[in-house]
Amino acid sequence: MEKSGKNLGRLTAAPHVVWAVLFILAPLLFVLYYTFTDAYGVFTWENIFALKEHANTFLLSVSLSVIATFICFLIGYPLAYIIAGYKEKSQKIMITLLMLPMWTNLLIRTYSMMAIMDDGGFLNSILGALNLGKVHLIGTKGAVIFGMVYDFLPYMVLPIYTIISKLDENLLEAARDLGCNTVQVLWKVVLPLSSSGIVSGITMVFVPSISTFYISQKLGGGTFELIGDTIERQFQNVSTYNVGAAISLVMMILVLVSLAIMNRFADEEEAG
Amino acid sequence: MKKIIELRNISKEFEDEKVLDSINLEIYDKQFVTLLGPSGCGKTTTLRIVGGFETPDEGEILFEGQSINHLPAHKRHINTVFQKYALFPHLNVFENVAFSLRVQKIPNQEVVKRVKEMLELVALKGFERKNVTKLSGGQQQRVAIARALISHPRVLLLDEPLGALDLKLRKDMQNELKKIQKQTGITFIYVTHDQEEALSMSDVVVVMAEGKIQQIGSPTDIYNEPENAFVADFIGESNIVDGVMNEDYKVTFSGHTFQCVDKGFEPNEAVDVVVRPEDVDVVSVAEGMLQGTVTSVTFKGVHYEIIVDIGGFKWMIQSTDFVDVGANIGIYIEPDAIHIMKKSEFSGQYGDYSTFSDEIEELGNSETVGD
């Protein structure tokens with residue numbers, strides 16, 4: 001009885017296993033293979049050594065993503081907290097509004113941002129009409145960070161909101177009872193208890209930010225390159241597949257390591 | 001004695017439903033006061049108003065003579081032990097207990113000393129580093145009490161704190177709470193629907209029903225001199241019958257005129273008469289003041305619980321002598337066992353055991369959720 005149950009379990013898991021092997025494991029192995037071979041399929045460290053040419057791009061990507069993630073947190077956390085404080089019905093409406101832009105394709109949203117921020121774009125026409133002069137936005141790092149924040153903000157708000165809205169009301173009352181004002185309740189109880197939401201939010205914003213290429217291409221106006229652009233460029237040319245794979249691999253490791261560190265933090269916070 | 005908290009004409013509505021209707025209550029320093037009533041009577045709301053978690057629609061709440069209607073919870077010298085403990089899951093036992101001291105930024109050395117004292121008081125020495133979510137219900141309860149007491153509040157509010165514990169543990173905790181209250185000299189306001197708990201722990205019992213205070217008094221007063229049929233029925237078991245007060249010290253009910261110890265009613269005033277089951281003596285038919293037929297007998301350990309049909313009204317009698325179902329018996333009632341009450345809105349609703357069964361009783365007692 002138990003054995004057939006186990007077999008059934010394995011059988012139902014089969015499609016997922018096949019899927020995972022085909023589309024997750026196999027590509028990863030390809031990345032590994034390309035990283036350590038040259039164009040002729042011979043083992044080499046060449047590609048790893050070639051990475052130092054891209055060190056500055058790495059650094060720039062990391063710093064822009066960290067800034068974007070931090071801004072998302074600064075906006076997203078209070079937003080999530082405020083939404084969770086409303087009545088259930090209003091909460092639903094606000095969450096829907098928050099998610100509404102996500103119904104439009106990311107690429108299209110990025111294009112429309114271009115249309116707004118361009119030198120002859122929507123924003124500058126308004127400024128011009130008001131005789132306030134013009135601002136040059138497209139091609140600046142600020143525009144790229146803005147793009148990341150705009151595109152990925154919902155990913156910060158949602159996990160945090162989910163956690164905060166499920167917090168036991170009694171805990172907040174207990175904190176007030178024991179002498180906390182509103183700020184202290186937030187700082188001493190809500191924040192630590194929502195740390196797992198914060199970690200998810202940071203992950204979900206940081207990972208797409210660091211690997212993005214279209215935001216930097218469109219809003220960066222080609223004046224600088226992020227690591228996502230570099231990878232994309234390597235893969236547009238058959239002869240540079242191997243370097244592209246190496247960069248991808250290093251980035252994956254980088255992301256994994258930073259996630260591991262963050263999860264460690266969250267666990268400690270929750271365990272007290 | 002010094003008055004510490006006073007509620008004046010407090011009223012509160014939730015979604016057009018009147019939860020509290022003009023509550024007046026005075027609480028004195030160092031007292032153990034219990035708000036007792038069935039769920040929905042407004043006792044928890046009263047407690048939350050004192051704690052600062054609700055604001056009354058009308059009326060005033062005074063702390064040592066000063067109005068605290070607009071004083072937020074964190075500025076009141078009043079702490080709460082919540083029904084489900086509400087311990088902070090991200091902090092260990094030590095930090096939970098130390099919480100209010102940390103908020104006040106008290107030096108670490110003193111925090112350590114005071115937490116140690118508190119944990120000793122609630123018999124949790126050595127639990128400092130434990131994870132609160134891994135503790136048993138009784139232990140969590142103790143942490144909650146220590147956490148609320150450590151900042152030396154003037155008043156401690158306890159919202160059915162023992163509701164989730166099993167019977168044995170509950171009895172132990174009752175004694176312990178009483179001991180802690182005496183030791184610390186802090187005023188306790190305790191909410192419960194368990195009348196036995198209220199009687200055994202309190203200096204003052206406040207019986208509430210339907211958003212109103214029905215009676216305030218010492219446990220013996222409440223038991224021996226209930227003000228109306230609701231109180232008589234809610235506190236312990238009672239036979240409540242219609243009677244007529246002929247004159248002072250003379251009352252007629254069930255077709256017999258009895259001597260009693262009450263006076264001050266109008267001549268021939270209709271009244272409710274309360275007789276406690278343990279105050280009724282079973283005698284032979286010839287000796288009895290009233291006669292009836294036994295309809296059921298239940299062995300309760302200490303005594304038998306006998307239901308007797310007397311002229312269509314079912315009485316409950318508790319006796320150590322066994323009688324058989326179907327037997328005709330006489331009953332005898334001492335004058336001081338008869339308690340006379342004025343007629344009230346609750347008259348006729350309680351005190352007849354014709355529909356009584358243990359099952360209904362069980363159902364009535366199992367409601368643990370606050371109102």
Side-chain angles (χ1 to χ4, degrees), chain A residues 73 77 80-82 84-91 159-203 261-272, chain B residues 44 47-48 50-54 71-106 128-135 140 143-153 155-159 370:
Chain A
F73 174 73
Y77 195 91
Y81 182 71
I82 291 164
Y86 277 89
K87 281 189 184 146
E88 211 165 310
K89 220 174 175 180
S90 325
Q91 284 184 25
I160 295 173
Y161 158 77
T162 309
I163 298 274
I164 294 182
S165 65
K166 286 192 186 123
L167 275 186
D168 182 359
E169 184 69 28
N170 274 326
L171 292 178
L172 311 187
E173 280 187 355
R176 279 164 59 203
D177 190 64
L178 295 166
C180 287
N181 58 32
T182 314
V183 177
Q184 287 167 321
V185 172
L186 186 65
W187 193 247
K188 285 184 173 285
V189 178
V190 181
L191 203 62
L193 285 179
S194 54
S195 59
S196 62
I198 298 171
V199 168
S200 313
I202 289 177
T203 310
I261 293 170
M262 261 193 329
N263 277 321
R264 185 76 181 265
F265 267 123
D267 287 348
E268 265 167 29
E269 191 67 69
E270 238 141 77
Chain B
T44 295
L47 199 74
R48 289 175 61 79
V50 176
F53 302 113
E54 306 280 357
L71 197 68
H74 69 272
K75 288 191 177 154
R76 297 188 184 190
H77 297 290
I78 299 172
N79 285 352
T80 308
V81 174
F82 290 86
Q83 196 173 9
K84 288 179 195 114
Y85 321 137
L87 299 179
F88 302 118
H90 60 298
L91 301 174
N92 61 20
V93 171
F94 183 94
E95 288 302 331
N96 260 283
V97 176
F99 191 87
S100 59
L101 303 186
R102 299 282 192 219
V103 173
Q104 293 170 44
K105 302 205 164 59
I106 290 188
E128 285 86 348
R129 302 282 149 223
K130 289 243 162 78
N131 183 336
V132 288
T133 55
K134 302 245 163 71
L135 299 180
Q140 291 191 22
V143 176
I145 292 165
R147 183 181 69 174
L149 284 175
I150 198 163
S151 56
H152 304 310
V155 178
L156 188 70
L157 310 179
L158 303 102
D159 185 5

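Sequence lines set the chain letters: A, B, ... in the order given, protein chains first and strands last, and positions in each chain run from 1.
Screening B/Asn96, B/Ile150, B/Asn79 for a side-chain contact (heavy atoms from CB on, under 4.5 Å) with A/Leu178, the sole residue that qualifies is B/Asn79.
A 4.5 Å side-chain heavy-atom check between A/Leu171 and B/Pro89 finds at least one atom pair inside the cut-off. The closest side-chain heavy-atom distance from B/Phe82 to A/Asp168 is not below 4.5 Å. Residues B/His74 and A/Gln184 form no side-chain contact, since every pair of their non-hydrogen atoms from C-beta on lies 4.5 Å or further apart.
Only the backbone of B/Ile78 comes within less than 4.5 Å of a heavy atom of chain A; no side-chain atom from C-beta onward does. Heavy atoms of B/Thr80 lying under 4.5 Å from chain A belong to its backbone as well as its side chain. Looking at B/Arg129, there are no atoms closer than 4.5 Å to chain A (heavy atoms on both sides), in backbone or side chain. Only the backbone of B/Ala148 comes within contact range of chain A, with at least one heavy atom under 4.5 Å from a heavy atom of that chain.
Heavy atoms only, all atoms of each residue included: A/Arg176 and B/Gly52 are closest at NH2-O, 3.6 Å. The minimum heavy-atom distance linking A/Cys180 with B/Phe99 is given by the pair SG-CE2, 3.5 Å. Smallest separation of non-hydrogen atoms from B/Ala86 and A/Ala174: O-CB, 3.9 Å. Listed here is the closest heavy atom pair of B/His90 and A/Lys188: NE2-O, 3.0 Å.
Separation of atoms OH (B/Tyr85) and CG (A/Asn170) is listed at 12.5 Å; rounding is to 0.5 Å.
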